[in-house]
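Below: one structure, written as structure tokens.
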Amino acid sequence: MVILFQSKADDPEKWRQAFAAALPEADLRIGADSVSDVREVDYAVAWKPPKGLLKQYPNLKAILSLGAGVDHLASDPDLPTDVPVVRLIDPGLTWGMTEYVLWAVLGHHRRTREYRQLQAEHRWERLEVPLGPSRRVGVMGLGELGADAARALAAMRFEVAGWSNRRKEIDGIESFAGQDELGKFLARTEVLVNLLPLTEQTTGLLNRHTLGALPKGACLVNVARGGHLVEADLLELLGTGQIAEATLDVFAEEPLPASHPFWDHPRITITPHEAAVTPPETAAATIAENIRKMERGAAPSPIVDFSKGY
Ligand code: OXD
């Protein structure tokens, strides 16, 4: 079985080793150049493949995303439509994301930026921090990643709510659903965490109106996609104090251009799209399990529903 591994962002050697352990029967080819006969490729495991690349393999049985999001595949107008595209739900990816969300939310909650400033000024001063149960955190998107992050935040004793297309039953999390309840969800949310998939409906959803509906002085954590956020609106709302601080891992343009105003903004924390980097140690096994299922004639999961966009 030939697997094409296509990603410019990942260390191929680590993946080669991880696949050798998880799926020793596979012949892993790193990059399109390593395939001399396109008819050989059975599976493509990919992150941001060049547009049009995957349609070149006539015997492809499935495309497996190397990331949780699939917008990097959906944006290919020539993506093969006759094979399943499989999203990655992987424990290591989920742990990484939940850790990042906890780090960012706790940082805002415990006023890390202001304490840094006080330290820089050698000032011994206590700032008020509400008790966890009085801090209202809201998670947009309650898929695998959002639900895990919401549970972990609730375990930290924050008052957590989630917003998603359909209402979700998650212990300890208040669930808001659909456009009708977005306003109510935003009005109660002091720290907003975005974990939505990027679709036509969610592009630009974090804008002056939605961010303006948060309580004044709210914080934003964007770990989903840069396309969710209208960046100029965030700058404006930081200027008015409507948004106090933001932690951003994803951007409209990546890498974030050196001249971008976010870099020098004193109330923005930037990380380079690293909140949850797919770990070969766990993800190769997850992908291998799906490939084995397909080799047995069973369906992989979860299969992307492109009518929903995820
Ligand atoms: C992902 C990502 O989709 O890293 O997994 O952005």
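Throughout, residue positions are numbered sequentially from 1 according to the sequence presented. Just follow the structure's listing: the first ligand is 1, and inside any ligand the first atom is 1.
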Report task. Answer whether the closest heavy-atom distance between the side chains of Val101 and Val223 falls below 4.5 Å. Result -> yes
Ligand 1 to Ala276, heavy atom cutoff 4.0 Å, flagged ligand atoms 4 (O)
For Arg225, the ligand 1 atoms with a heavy-atom partner under 4.0 Å come out as 1 (C), 2 (C), 3 (O), 6 (O)
Item checked: Any N or O of Ala224 closer than 3.5 Å to N or O of ligand 1 -> no
Item to complete: Please examine the side chains of Leu211 and Leu192, heavy atoms only from C-beta on, and report whether any two atoms are closer than 4.5 Å.
Response: yes
**Asked** What orientation do Trp47 and His72 show, parallel under 30°, tilted 30 to 60°, or perpendicular over 60°?
**Response** tilted
Of Glu274, Met97, His273, the one whose closest heavy atom lies nearest atom 6 (O) of ligand 1 is His273
**Message:** Quick check: is Ile270 connected to Val105 through a chain of hydrophobic side chains (ILVMFWY, heavy atoms under 4.5 Å apart)?
**Reply:** no
task: Please determine if Ala68 has a nitrogen or oxygen closer than 3.5 Å to a nitrogen or oxygen of ligand 1.
output: yes
May I ask you to check whether His260 and Phe251 place their ring centres under 6.0 Å from each other? no
